[in-house]
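Single-structure report; data block below.
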Amino acid sequence: MDKTYQPEQIENRWYQRWEEDGHFAPSGEGEPYSIMIPPPNVTGSLHMGHAFQDTIMDTLTRWRRMQGRNTLWQVGTDHAGIATQMLVERKVAAEEGKSRHDLGREAFTDKIWEWKHESGGHITRQLRRMGASVDWSRERFTMDDGFYKAVQEVFVQLFDKGLIYRGKRLVNWDPTLHTAISDLEVENRDQQGQFWHFRYPLADGVTTEAGLDHLVVATTRPETLLGDSAVAVNPEDPRYASLIGKFVDLPLVGRRIPIVADEHADMEKGSGCVKITPAHDFNDYEVGKRCELPLINVFSRDAVILERAETFDLQGRPLSDIDTSLPSAYAGLSRFEARERIVADMEAAGLLERTETVNNTLPFGDRSGDVIEPYLTDQWFVAVENLAKPAIAAVENGDIEFVPKNYENMYFSWMRDLQDWCISRQLWWGHRIPAWYDADGNVYVARTEAEARDKHGLPADMPLTQDEDVLDTWFSSGLWTFGTLGWPEKTEALETFHPTSVLVTGFDIIFFWVARMIMLTLEFTGEVPFKQVYVHGLVRDGQGNKMSKSKGNVLDPIDLIDGIGLESLVEKRTGNMMQPQKAKAIAKATRQEFPEGIESHGTDALRFTFLSQATTGRDIKFDMGRLDGYRNFCNKLWNASRYVLMNAEGQDCGADGSEVELSLADRWIISRLQQTEAQVTRAMEEYRFDHASQALYEFIWNEYCDWYLELSKPVLWDDDATPASQRGTRRTLVRVLEAILRLAHPMMPYISEEIWQRVAPLAGTYRGEGDSLMVHAWPEADEARVDEAATRNIEWLKGVIVAIRNIRAELNIAPGKPLAALLTKGDASDRERLEANRPFLAKLAKLERLDWLDDPAEAPLAATQLVGDMEVLVPMAGLIDKEAELARLAKEIDKQDKLIGGIEKKLGNESFVAKAPEAVVQKERDKLDDLSANRRLLVEQHDKIAAL
RNA sequence: AGGACCAUAGCUCAGUUGGUUAGAGCGCCACGUUGACAUCGUGGAGGUCGGCGGUUCAAAUCCGCCUGGUCCUACCA
């Protein structure tokens, strides 16, 4: 083995081998275990969130596979409607100077397919680099033929059941992208805005209670005035009671609109009167429904003012009895231009009472960044009420369990207040809606045009045109768990792997995806999509900021693995920016944070870092320091393995059944291994990857390396040691290491495999050429091998060694200087332990002599430490400086005093003694005894030295 | 406005059902190339567990209030 750990040399090699050998496919044996990857955007690239999530899924998958489960990690990608369409649109614009409309629908979608073929491999290559043991032979895409079929089927069935309907409704409209988007795709941002108070003249000469000839309404959106259908007042409001049923003359437009009573009007706010624009405001739409007002749309698809308004009734039917004329001055103006003009005109007409500045929230499209407009369009909806009920029940009754539990509340609160889901999108990239229209606008829903004709008895020559819209991306990804397994066919895979075991996902898509998967899957398979949902937080930068291109703090997981030079990193972070003016500051910050660029750390170290930070229910501040630390940990494991191999390769490790004798240290490390195995397994079962990784780290570094390897040296290197004991130690070294590697494998697949290949043959677990750690058994703790006595003995041994190291450090004795030390005052067992462990003590504490002193009174002047009741003495003669020792003792006495004080206070408290359980009280008494004895000794020692 | 989560060492975080001398890693200080490892070893410094109050014999841990932070939902005519 090389002297230092060099991940890049082993990682690619191993991934390829595993894949070629078919180890990622389900074994076909054992209890099924399955995970569906949340499909990343097909043309996207791997970000830190993916890397984190994939690490968790891979760790679970490898662990369960080793446990003998029939394991499937299903892989695939999402067509990601809007995101992908926009990306290609920009690309085509940049490269060819054409819009998608220049190309036309077919040519444009061809371009997207082209781009998908070109770039679709990027994310999957990165997934491989992370070590993801997904079954590539089953890779799926949300727009492949099978999915196309599943989507058609679901749509048609839902329609036939009356759960999908089409209608003219107010939706969130993106005037840039020209499509409806769902509530979830709207991002509300706080902004400072203006609040205009307008006077609306009362018609027919009526006046208010106060004698005014007008009502005052306030709005942040003056341009919607053109579409007002009414003014509402609260039915309880005495100021306006007499005006209900009367009219106002809508300024600028001249339309007569009624004054209606509706509780939406808040008496406390403003004048208590509110303008109602049902076609341009969600609240007003509801008022419109209650008061049967007409819908008056004044915007085009681009949110530009129309020449004539469009009017509809609440069923979306055109109305003809309303004057649709609009002032020509505004036609063709954008909503923002129109706003200014209307305010100016109102002011000129003396109808602007006052203006104030307010903070308000504006809806923005999370893709386009444009202000979203409530807009009246024909859309397809899923009626969710009856789908939501079983979906709520499934979580309530425990068929689906969220980890951590508190996300269930988030789920419930959303599900219980669910609006119908608008599933149509006015895009070109996606699943086209399987609905056809005849010349009269009648709609026929079927899987194919032929089926539509068949089903409705339409003549073959009757022209039909398919709906232009596509489905919301989440409609198809909602079918992910069963669609990937072959539904609607009754496949064996579906039978075996559905419901899936666990969904690993971020809390941010519980609504988008998780909830919809649960609803659709229950409806179509009668099964839950997954039994558990492990919800993780967001990966943030070291300061806790969201990583984003515009902030320039993005880390690419692949750069952390392979390393990247400073210049490349700066270029990556500042290139191709939406806001190029930020480039300079970002470059500066990057140079400051990574003056040398980023070193390579390897996949295993990155994975281990993610796992160690995977605390439940909390965002992760990615810590570069930890990444360095775990790279060092890999190196530690690597070097420990080198030591083992150096001492075991070509040696008798007891594999042939010859006699072996296990030393105390051997029995101890075996015992601790069992406990660690149990600990790691339990942590994995609880999704506590931080605990699992820490248990492994501590065992490997603090016990196996720091103590066991050191304790093995006296046995292996001492000529007096018996061959049986040397065999025993070699065998233990090798077997414990082999078990460690199996334990580490789900978390650190590469380094564990690489080392295992050399260790397994010595441990007797290697099955021959081509064998892989991946398919070996997960270590099971064996209670019978837990050896408490060995643990106590080793603790004693460590105590003595640490005591002597302590004395050395405190008294400035060189670590390498051989010392003579004495043990005294202990009991018979201490004495036995001394005899049994003399060579270990000598080697690890660098002692030239270690003797038992029968009569403590004969002790020479010495620096002293306690191990239990026993004293460890390092005679001072010629060694130490008196003042240093006195200071050390004084400090120690002080420490004891504080502890004693605390306990005495506790025991002096009558209620404590009376009410606390006897065991707790006794424990305190024992502690007090020990501490007091220590203190007496220290004081004695102090006085003795002081008297010199 | 309602809700959720968080606040423990300089930094990033553990702390299971209340009883620990409150832990780890990184960083810091001192010493050290002893035949796996300087990507290392040994020893050490560093915390009134955000604040106040309550329950209890006993609170980092349970309850209430407050402060600060993150996020979600809703509303803002």
Side-chain angles (χ1 to χ4, degrees), chain A residues 1 3-5 188 193 195 217-221 224 231-232 264-266 269-277 281 283-284 287 358-361 404 406-407 409-410 413-414 417 507-508 510-511 537-538 540 542-544 599 601 605 612-613 615 617-647 686 688 690-691 694 697-698 702 705-706 709-710 713 717 802 805-806 808-810 812-816 843 846 895-896 898-899 902-903 906 909-917 919-921 923-924 927 931:
Chain A
M1 286 171 81
K3 194 173 171 185
T4 50
Y5 162 64
N188 292 304
F195 205 30
V217 297
T219 181
T220 55
R221 306 208 49 199
T224 65
V231 168
H264 172 61
D266 186 338
K269 278 186 188 163
S271 64
C273 304
V274 54
K275 68 195 246 346
I276 302 298
T277 321
D281 182 286
N283 284 313
D284 292 4
V287 176
V358 290
N359 292 321
N360 64 350
T361 315
N406 53 296
Y407 284 104
N409 289 329
M410 187 167 154
S413 68
W414 193 68
D417 188 30
F507 69 93
D508 48 331
I510 288 181
F511 305 148
L538 217 60
R540 298 169 175 276
Q543 281 70 248
E599 284 181 305
H601 294 85
S612 76
Q613 294 206 264
T615 301
R618 159 168 182 154
D619 285 352
I620 288 161
K621 289 187 205 167
F622 187 79
D623 186 353
M624 288 295 291
R626 280 194 165 200
L627 181 62
D628 289 339
Y630 294 128
R631 194 254 328 259
N632 295 354
F633 173 57
C634 289
N635 188 58
K636 187 77 180 174
L637 177 59
W638 183 264
N639 278 297
S641 304
R642 282 180 61 225
Y643 167 82
V644 174
L645 291 170
M646 281 168 64
N647 285 286
E686 293 169 343
R688 288 307 301 263
D690 54 336
H691 289 169
Q694 199 185 349
Y697 182 97
E698 284 177 356
N702 302 340
C705 293
D706 285 353
L709 294 191
E710 294 307 318
K713 289 174 183 175
W717 297 346
V802 168
R805 284 178 182 166
N806 235 307
R808 278 182 192 273
E810 302 256 8
N812 274 321
I813 303 169
K843 169 84 181 153
K846 301 274 179 320
K895 201 165 138 193
Q896 304 287 318
K898 278 193 188 129
L899 293 172
I903 294 174
K906 224 181 219 181
N909 181 341
E910 279 173 35
S911 357
F912 171 69
V913 179
K915 294 188 183 172
V920 173
V921 178
K923 200 171 146 197
E924 294 298 319
K927 251 194 292 188
L931 291 169

Nearest whole angstrom, please: distance from the [atom2] of [N] to the [atom1] of [X].
X         : N       : atom1 : atom2 : value
His264(A) : rC75(B) : NE2   : C1'   : 10 Å
Asp690(A) : rU16(B) : CG    : P     : 12 Å
Met1(A)   : rC37(B) : CE    : C1'   : 11 Å
Ile620(A) : rU70(B) : CD1   : P     : 19 Å
Gln543(A) : rG69(B) : CD    : P     : 18 Å
Phe622(A) : rC13(B) : CZ    : C1'   : 14 Å
Asp619(A) : rC72(B) : CG    : C1'   : 12 Å
Lys915(A) : rC57(B) : NZ    : P     : 4 Å

Base, sugar-phosphate or nothing for [X]? Non-hydrogen atoms, less than 4.0 Å.
X         : answer
Leu709(A) : base
Asp508(A) : nothing
Arg631(A) : base
Ala916(A) : base
Gln896(A) : nothing
Lys275(A) : sugar-phosphate

Quiz item: Yes or no on side chain to side chain contact (heavy atoms under 4.5 Å, CB included) for Asn639(A) and Tyr5(A), after CA distance, side-chain angles and deciding distance?
Solution: CA-CA 8 Å; Asn639(A) 278 297; Tyr5(A) 162 64; over 6 Å; no
Which listed nucleotide ([options]) is nearest to the side chain of [X]?
X         : options                   : value
Asn635(A) : rU39(B), rG43(B), rA14(B) : rU39(B)
Asn909(A) : rC57(B), rA36(B), rG43(B) : rC57(B)
Thr4(A)   : rC71(B), rU39(B), rC57(B) : rU39(B)
Val920(A) : rC13(B), rA36(B), rG19(B) : rG19(B)

Between [M] and [N], how far apart are the [atom1] atoms? Round to whole Å, please.
N       : M       : atom1 : result
rA9(B)  : rG64(B) : C1'   : 29 Å
rA60(B) : rG23(B) : C1'   : 12 Å
rU67(B) : rG25(B) : P     : 38 Å
rG27(B) : rU20(B) : C1'   : 26 Å
rU55(B) : rG47(B) : P     : 31 Å
rA14(B) : rA24(B) : C1'   : 7 Å
rU8(B)  : rC52(B) : P     : 16 Å
rC5(B)  : rG43(B) : C1'   : 40 Å

Exercise. Return the orientation label for the Phe507(A) and Tyr407(A) ring planes: parallel under 30°, perpendicular over 60°, tilted otherwise.
Key: parallel
Quiz item: Got a sec? Which of residues 638-647 of chain A come in under 4.0 Å of RNA chain B, heavy atoms?
Solution: Asn639(A), Ala640(A), Arg642(A), Tyr643(A), Met646(A)
Quick one: which protein N/O atoms are closer than 3.5 Å to N/O atoms of nucleotides 29-34 of chain B? Pair and distance per line, please.
residue	atom	partner	partner atom	Å
rU34(B)	O2	Lys846(A)	NZ	2.6

Would you say a side-chain N or O of [X] is under 4.0 Å from OP1 or OP2 of [N]?
X         : N       : value
Lys713(A) : rA36(B) : yes
Lys3(A)   : rA36(B) : no
Lys621(A) : rU12(B) : yes

Where do N or O atoms of nucleotides 3-6 of chain B meet protein N or O atoms at under 3.5 Å, pair by pair?
residue	atom	partner	partner atom	Å
rC6(B)	O3'	Arg618(A)	NH1	3.3

Is [X] reaching over with its side chain to a backbone N or O of [Y], donor-acceptor style, under 3.5 angstrom?
X         : Y         : answer
Arg688(A) : Thr615(A) : no
Arg626(A) : Ser612(A) : yes
Glu924(A) : Ile903(A) : no

Quiz item: NZ of Lys927(A): more than 12 outside heavy atoms within 6.0 angstrom?
Solution: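 Check passes, neighbour count above 12.
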Exercise. Please identify each residue that fulfils ring pair (Phe, Tyr, Trp, His ring centres under 6.0 Å) with Tyr630(A), with sequence neighbours left out.
Key: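 Ring pair (Phe, Tyr, Trp, His ring centres under 6.0 Å) check on Tyr630(A) returns Phe608(A), Tyr697(A).
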Quiz item: If we only count heavy atoms from C-beta on, is the Asp281(A) to Thr224(A) side-chain gap below 4.5 Å?
Solution: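 No, every pair of side-chain atoms sits at 4.5 Å or beyond.
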Quiz prompt | Heavy-atom closest contact (Lys275(A) atom, Val217(A) atom, distance) | solution = N-CG1, 3.9 Å
Practice problem: Measure across Cys273(A) and Val231(A) and return the closest heavy-atom pair with its distance rounded to 0.1 Å. | Solution: CB-CG1, 4.0 Å
Practice problem: I would like to know whether Asp284(A) and His264(A) meet side chain to side chain contact (heavy atoms under 4.5 Å, CB included); could you show each step before the answer? | Solution: CA-CA 9 Å; Asp284(A) 292 4; His264(A) 172 61; 3.9 Å; yes
Quiz item: Of Ser911(A) and Asp417(A), whose nearest nucleotide on RNA chain B comes first from the 5' end?
Solution: Ser911(A)
Self-check item: Residue met sooner reading RNA chain B from 5', once Ala232(A) and Cys705(A) are mapped to nucleotides
Solution: Cys705(A)
Quiz item: Any donor-acceptor pair under 3.5 Å joining the side chain of Gln613(A) to the base of rA14(B)?
Solution: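 It does not, because no donor-acceptor pair links the side chain of Gln613(A) to the base of rA14(B) below 3.5 Å.
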Sub-3.5 Å pairs of nitrogen or oxygen atoms, protein against nucleotides 20-26 of chain B:
residue	atom	partner	partner atom	Å
rU20(B)	OP1	Lys906(A)	NZ	3.3
rU21(B)	OP1	Lys927(A)	NZ	3.1
rU21(B)	OP2	Lys927(A)	NZ	2.7

Quiz item: Has Phe912(A) got its ring stacked on the base of rA58(B), with centres under 5.5 Å and planes less than 30° apart?
Solution: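 By the stated criterion, Phe912(A) and rA58(B) do not stack.
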Practice problem: Could you please spell out the steps behind the side chain to side chain contact (heavy atoms under 4.5 Å, CB included) verdict for Val920(A) and Phe912(A)? | Solution: CA-CA 10 Å; Val920(A) 173; Phe912(A) 171 69; 4.1 Å; yes
Quiz item: Could you go step by step and tell me if Arg642(A) and Lys3(A) meet the side chain to side chain contact (heavy atoms under 4.5 Å, CB included) rule?
Solution: CA-CA 8 Å; Arg642(A) 282 180 61 225; Lys3(A) 194 173 171 185; 3.4 Å; yes
Quiz item: Pairs counted as Watson-Crick or G-U wobble with both distances under 3.5 Å: what dot-bracket string results for RNA chain B, using | for bases tied to another strand?
Solution: (((((((..((((.....[...)))).(((((.......))))).....(((((..]....))))))))))))....
Self-check item: Among Arg808(A), Arg805(A), Lys846(A), the one residue meeting side chain to side chain contact (heavy atoms under 4.5 Å, CB included) with Ile813(A)
Solution: Arg808(A)
